[in-house]
Amino acid sequence: MTSHIMPTYGRLAVTFERGEGAWLWDDQGKRYLDALSGIAVCNLGHAHPAVHEALCGQSRKLVHTSNIYRIALQEQLANRLIEKSGMDNVFFSNSGAEANEAAIKLARKYGHGLGIEKPAIIVMEKSFHGRTLATLSATGNPKVQQGFGPLVEGFIRVPYNDIGAVEQAISGNRNVVAVLVEPIQGEGGVNIPAADYLNQLRGLCDQHQLLLMLDEIQTGIGRTGKFLAYQHNGILPDVCTVAKALGNGVPIGACLARGKAAEVLTAGAHGSTFGGNPLACSAALAVLATLDADDLMAAATSKGAAIWAGFSGQLQGNPHIVDIRHKGMMIGIELDTACTGLVGQALDAGLLINVTYEKNIRLLPPLVMDEPQIQLLVGTLSSLILAFTATL
Ligand SMILES: *Cc1c(COP(=O)(O)O)cnc(C)c1O
């Protein structure tokens, strides 16, 4: 069959038809265990009844009005996000890249308010912030930027998890207005920085009047065992972006701001036709209610620990395993060699996984994954890894 889809994705030859929790079924009736959640999106699993009910109920009443009117569900969702994050206000978008665009625009306008004509934002190597022009320019992966120059200027790149490099970039450069960073790099290979990295960045930003802007698009909405990953550090950022799991698959993103950063984007400064429409907000409200009602943040912590312990036991002593990392249900298994072939082998075995930067197996299971499914995940993937490394 010829496809009229632009070939921007190297797609696996499988088409899913329906799901339930951590299970998916393809159009041949074969069942798969999902350890990827549509890349950190379906944190509540597939076909969650609370999201289903919210969407059905809301679509009967109203799908869209416009941001030129008040939207009660958007105001409710903003209130919930503020309560859960400690931030002050919210701009709603339809995706992660758009949430980061809002953050980047906010940082620039903040800089202009300080009289800085060419505001610069410090960003990290191996970061991922999206595919729009500004966000791909902020992204620390040459493959994402290749062919799309000229890039958007105003980004200064430093190594991740290196406070000295940030200090150096700030010193003597009066144009720096913000630091944009992921609390854990997802696309970059599940890179977990030093436990006090965010605290140190917070200190530097305070010292130099910079905005600390956290991209929590992958780490947020319970994934790491807290609602937002910075809550492990007891700090607050000035700006925080979320998307992916906020709607459990319904497109919605948000840029949260606090304090002086919350006063930057004034009437007419930014906008979105769809952003925060009633349907998307109804789904997100159902997601937040379910996270709390089912205690899924605590579940992410205990289940993530069980998965990590399982792999650590099964793969113990294997010389090709460089590291097994995790924070809640964000799990990375780093090999000493390219292992992208494991994705197809796992698919054949009925398991959905991902590999980033060629050597890092990345697992982002739904937070609702149950104990037998955890056993199946650990057993199936360990066998595949052991068989693979035996051939090296
Ligand atoms: C996925 C992701 C994005 C981009 O989100 P889109 O919804 O694909 O635009 C940005 N930052 C991080 C950390 C992500 O994981």
Side-chain angles (χ1 to χ4, degrees), residues 6 8-9 11 36-43 91-107 121-141 143-145 148 152 155 157 160-161 178-193 197-198 201 212-224 226-230 237 239-256 272 274-277 280 283-284 287 325 327-332 354-357 360 362-365:
M6 282 195 197
T8 56
Y9 282 91
R11 295 173 195 265
L36 197 56
S37 311
I39 314 189
V41 169
C42 300
N43 282 7
F91 174 85
F92 286 106
S93 66
N94 312 292
S95 68
E98 284 175 276
N100 283 338
E101 285 279 342
I104 292 164
K105 284 180 69 175
L106 190 161
I121 300 171
I122 295 178
V123 292
M124 306 300 155
E125 290 173 4
K126 287 200 171 181
S127 62
F128 184 78
H129 298 297
R131 300 283 196 156
T132 62
L133 271 176
T135 59
L136 76 81
S137 300
T139 289
N141 180 351
K143 278 190 202 160
V144 170
Q145 300 174 337
F148 298 111
V152 173
F155 296 105
R157 196 167 308 285
Y160 190 58
N161 194 21
V179 177
L180 173 63
V181 60
E182 296 154 89
I184 296 172
Q185 289 185 329
E187 303 301 308
V190 190
N191 302 323
I192 304 176
Y197 181 58
L198 294 185
L201 285 177
L212 178 60
M213 308 206 297
L214 298 181
D215 179 342
E216 292 250 16
I217 290 164
Q218 193 157 147
T219 51
I221 325 295
R223 172 60 51 191
T224 72
K226 298 275 188 191
F227 181 62
L228 293 155
Y230 65 73
V239 175
C240 169
T241 53
V242 291
K244 291 204 162 90
L246 181 56
N248 208 56
V250 176
I252 181 167
C255 175
L256 286 63
S272 167
F274 293 131
N277 86 8
V287 168
R325 299 183 279 270
K327 189 94 180 172
M329 287 287 252
M330 198 164 176
I331 300 136
N354 178 246
V355 169
T356 65
Y357 274 79
N360 297 281
R362 176 174 52 159
L363 305 176
L364 300 160

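Owing to the predicted nature of the structure, the values given are computational and were not obtained by experimental measurement. First listed ligand is number 1; within each ligand, the first listed atom is number 1.
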Considering all heavy atoms, the nearest S272-F92 contact:
CB-O, 4.2 Å
Can you list the ligand 1 atoms lying under 4.0 Å from a non-hydrogen atom of Q218?
15 (O)
N100 heavy atoms, cut-off 4.0 Å: which ligand 1 atoms fall inside?
10 (C), 11 (N)
List the closest protein heavy-atom neighbour of atom 2 (C) of ligand 1: residue, atom name, distance to the nearest 0.1 Å.
K244 NZ, 2.5 Å
Between the side chains of R362 and E187, is the shortest nitrogen-to-carboxylate-oxygen separation below 4.0 Å, so that they form an ion pair?
yes
Will you find, in the side chains of T135 and N100, an N or O donor that is under 3.5 Å from an N or O acceptor?
no
If I compare all heavy atoms of I184 with all of T219, which pair ends up nearest, and what's the gap?
O-CG2, 3.7 Å
Which of R325, E182, E125, M124 passes side chain to side chain contact (heavy atoms under 4.5 Å, CB included) with N191? It is R325
Which atoms of ligand 1 have any heavy atom of G96 under 4.0 Å away?
5 (O), 6 (P), 7 (O), 9 (O)
Residue portion contacting ligand 1 (non-hydrogen atoms closer than 4.0 Å) for A243
neither
What atoms of ligand 1 come closer than 4.0 angstrom to any heavy atom of A97?
4 (C), 5 (O), 6 (P), 9 (O)
I'd like to know if atom 8 (O) of ligand 1 has any protein heavy atom within a distance of less than 4.0 Å.
no
Do T132 and E101 get their side chains close enough for a donor-acceptor pair, meaning under 3.5 Å?
yes
Within 4.0 Å of some non-hydrogen atom of D215, the atoms of ligand 1 are 10 (C), 11 (N), 12 (C), 13 (C)
Looking at Q218 and A40, what are the two nearest heavy atoms and their distance?
CG-CB, 3.9 Å
If you count the atoms of ligand 1 from 1 in the order shown, which ones are under 4.0 Å from a heavy atom of S95?
7 (O), 9 (O)
Any idea which atoms of ligand 1 are less than 4.0 Å away from a heavy-atom of E182?
13 (C)
